[in-house]
Amino acid sequence: MKKLLHKNWFYICLFFFFVFFLYISRYAPVVGDDWGYAVGGRYSNPLVKACQNYMSWSGRFLSEFWGFLIAPHKKLWNLLNPCIFTCIYYYLFKLSKTKKNSVLVAIVGIFLILSVSNRLRMQTYTWIMGTTYVIPLLLYFIYLSLLYKYIFEDKLNKLSFIIMLVLNLAIPLFMENAAAMLVGGNILLIIYAFFKKKESIKYLIPLLVISIIGTCIIKFSPGALFRMNRDHEAFNELSLLAKVSQNWPAFIEFTFTNNVAIVCVLAISICILVLQKNFTRREKIILLVISLAALVPLFVTCSILVNSIIYILFTCVLFYATYKGIAEENRKWFVIFLLFLAGGANIVMLISPIFDSRSSLYTVYCFILIILNILECINLKDNTNKILCIVSFIGICFFGIKYIQLYQLVHKITIKRESEIAYYVVRPDIEEAYIIGYPDESIHSGNAEPDDTYHMQTFKEYYYLNKDMTVRFYYLKEYTDETIFGEH
């Protein structure tokens, strides 16, 4: 039995990780944009609706298709969501190419996944339409896995190449910054191949061309152009510098200061790498000071100017420490490539009129993958390794309990809400309906405000309420079993 556990420990981790996401997915409600897509998919062909939205609303064709296909079937999403995240965790571990610190890498990986900011959790982990940001992340990790084999291990067959071509078309049709990350990554690979492995270029160019075609399809869709001109006319008229200036605080927030645990672990990992590797005394002092300075804005409110200076310098440290500190050639260039991806995925959002936490998902997970690769380069004594594993496991327990408690609370509120809705469904003549609302920082777009006509309308349609009924959400001072299920 002990030998069996020792041999299959990672698959046991995968199982418990899957069960955890299955649990929170089951307790996550249908909310926000989910209502509209569920109603649209309920009464129409999902493919037809996706085509209509491509022409009138959004270029994210595969995201639209996912919404209309899956949102009407919450139970199906309950299973798909944990499958997607478990696959992402699997590829994080696989792409870390770990051997000596494999247990630590596996445990730290889970800890960092659970440590993401509240808004990122709400907008991507347990929201049906938020999954449209997660799917291209998984697809890109699959693509990275195939690319790694091709570039560094000279493994490429017809099936792998066809899969890569399909992925280069599919990923852009989900999300704009995923498309930009894909195209930018392909260009970097061609530059790398030109200097290091010219024979690879003949296969990389077709991949770049397909990714550009996919990006053009999403970028220049009639729906995306119409919506951009209608909803963001003022932003479009700004100069490039003005757009960047407006979004720069969000860039610093979503790339660095929002990701407290991830930036802490990244900075500490870099410090250990610098101390262990062949850096001069002067280099060590400079790199350590800047890396430790990167921790300050995470806990102390600083001006945007100070934050910008610190994190620009920290970015330089990441590149320099990686280039000089990682001895293994393939890993070094892979981590440098990931650093470009992490920055690029958020940099492209500087010229977007909508820059929210969910858009930083690709940056956050590239940082996680960078950390796991750096951990594999660090030499740790057995006792130190065990201590770090225990600390990380405690972190997993801390965040895991918080997640479970939160989604248990959300589920109780959902039960109360659905009982209230059932009351009003059979009494359509009532003019005003009072329905319990989810507390802030619990669920994304869980409540429809009176002036939000679209979500209010789709909420009523989804739950079969009288369209002329006025719906008002009420909130509790504190959410306990007594207050949720008591008389209001």
Side-chain angles (χ1 to χ4, degrees), residues 32-33 58-60 63 112 115-125 127 129-130 132-134 136-137 174-182 184 218-219 224 227-228 231-264 266-267 293-316 318 338-368 370 440-441 443-445 452:
D33 289 345
S58 168
R60 303 170 182 174
S63 291
L112 295 176
S115 75
V116 299
S117 69
N118 231 14
R119 286 173 66 185
L120 186 59
R121 169 195 60 80
M122 291 190 298
Q123 295 178 8
T124 58
Y125 281 26
W127 182 33
M129 289 312 299
T132 59
Y133 290 81
V134 182
L137 175 65
F174 275 99
M175 207 59 56
E176 292 84 354
N177 64 328
M181 181 176 70
L182 180 67
I218 190 172
K219 174 66 177 175
R227 187 181 174 192
M228 193 74 174
D231 297 347
H232 308 291
E233 183 179 356
F235 186 85
N236 291 337
E237 292 175 354
L238 295 175
S239 65
L240 178 62
L241 185 61
K243 291 177 181 177
V244 171
S245 177
Q246 181 174 309
N247 280 330
W248 184 254
F251 173 80
I252 294 295
E253 178 187 356
F254 297 140
T255 307
F256 298 106
T257 56
N258 238 21
N259 306 305
V260 176
I262 290 171
V263 173
C264 280
L266 180 58
L295 303 179
V296 174
L298 304 177
F299 305 102
V300 179
T301 303
C302 303
S303 69
I304 186 63
L305 177 61
V306 172
N307 286 349
S308 300
I309 292 171
I310 288 174
Y311 288 119
I312 288 172
L313 290 174
F314 182 56
T315 301
C316 296
L318 291 174
L338 291 173
L339 285 169
F340 276 111
L341 293 182
N346 267 4
I347 284 173
V348 72
M349 297 305 297
L350 288 171
I351 56 173
S352 170
I354 303 174
F355 190 0
D356 208 343
S357 187
R358 56 185 176 268
S359 301
S360 66
L361 180 73
Y362 313 114
T363 295
V364 168
Y365 272 77
C366 282
F367 276 152
I368 293 175
I370 289 165
D440 291 339
E441 300 299 307
I443 292 295
H444 179 65
S445 300
D452 185 354

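Formation of a donor-acceptor pair under 3.5 Å by the Asn259 side chain with backbone atoms of Val364 is not found in this model. Side-chain N or O atoms of Ser360 include none that pairs as donor or acceptor with a backbone N or O of Thr363 at under 3.5 Å. In terms of modelled atom types and a separation under 3.5 Å, the side chain of Asn346 and the main chain of Ala342 share no donor-acceptor contact. Here the side chain of Tyr362 pairs no donor or acceptor atom with the backbone of Gly344 at under 3.5 angstrom.
Expressed to the nearest 0.5 Å, how far CD1 of Ile312 lies from CD1 of Ile252 amounts to 6.5 Å. Rounding to the nearest 0.5 Å places CD1 of Ile354 at 8.0 Å from CE of Met228. The structure places CG of Leu341 at 5.0 Å from SG of Cys366, a figure rounded to the nearest 0.5 Å. Once rounded to the nearest 0.5 Å, the distance linking CG of Leu350 with CG of Leu241 reads 11.0 Å. Here the straight-line distance linking atom CG of Leu305 with atom CD1 of Ile310 works out to 10.0 Å at 0.5 Å rounding. Put simply, CD1 on Ile370 and CG on Leu266 are 7.0 Å apart, with the number rounded to the nearest 0.5 Å.
Residues Ser357 and Phe254 share a closest heavy-atom pair of N-CZ, 3.6 Å. Looking at every heavy atom in both residues, Asn118 comes nearest to Glu441 through ND2-O, 3.2 Å. Counting all heavy atoms, side chain and backbone alike, Val348 lies closest to Ile351 at O-CG1, 3.2 Å. Shortest non-hydrogen contact noted between Phe174 and Pro136 is CB-CG, 3.7 Å. Contact record, Cys302 with Pro297: SG-CA, 4.2 Å, taken as the closest heavy-atom pair. When all heavy atoms of Ser63 and Met129 are compared, the pair lying nearest together is O-CE, 3.9 Å.
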(request) Starting from the C-alpha separation in whole Å, work towards a yes-or-no answer on side chain to side chain contact (heavy atoms under 4.5 Å, CB included) for Asn258 and Leu120. (result) CA-CA 9 Å; Asn258 238 21; Leu120 186 59; over 6 Å; no
Passes side chain to side chain contact (heavy atoms under 4.5 Å, CB included), Glu176 versus Arg60? Steps please.
-> CA-CA 8 Å; Glu176 292 84 354; Arg60 303 170 182 174; 2.8 Å; yes
**Message:** The test is side chain to side chain contact (heavy atoms under 4.5 Å, CB included); show your working for Thr257 and Tyr311 and say whether it passes.
**Reply:** CA-CA 10 Å; Thr257 56; Tyr311 288 119; 3.9 Å; yes
- Test side chain to side chain contact (heavy atoms under 4.5 Å, CB included) applied to Leu361 and Gln123, step by step: CA-CA 10 Å; Leu361 180 73; Gln123 295 178 8; over 6 Å; no
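Residues in residues 354-365 take part in these salt bridge (Lys or Arg N to Asp or Glu O under 4.0 Å) pairs, two or more places apart or across chains: Arg119-Asp356, Asp356-Arg358. Within the structure, the side-chain hydrogen bond (donor to acceptor under 3.5 Å, both in side chains) test picks out the following pairs touching residues 238-253 (sequence neighbours left out): Trp248-Ser308.
Taking the six-membered ring where the residue is Trp, Phe367 and Phe256 present tilted rings, their angle falling between 30° and 60°.
Taking 4.5 Å as the limit, every side-chain heavy atom of Val244 sits out of range of all side-chain heavy atoms of Phe251.
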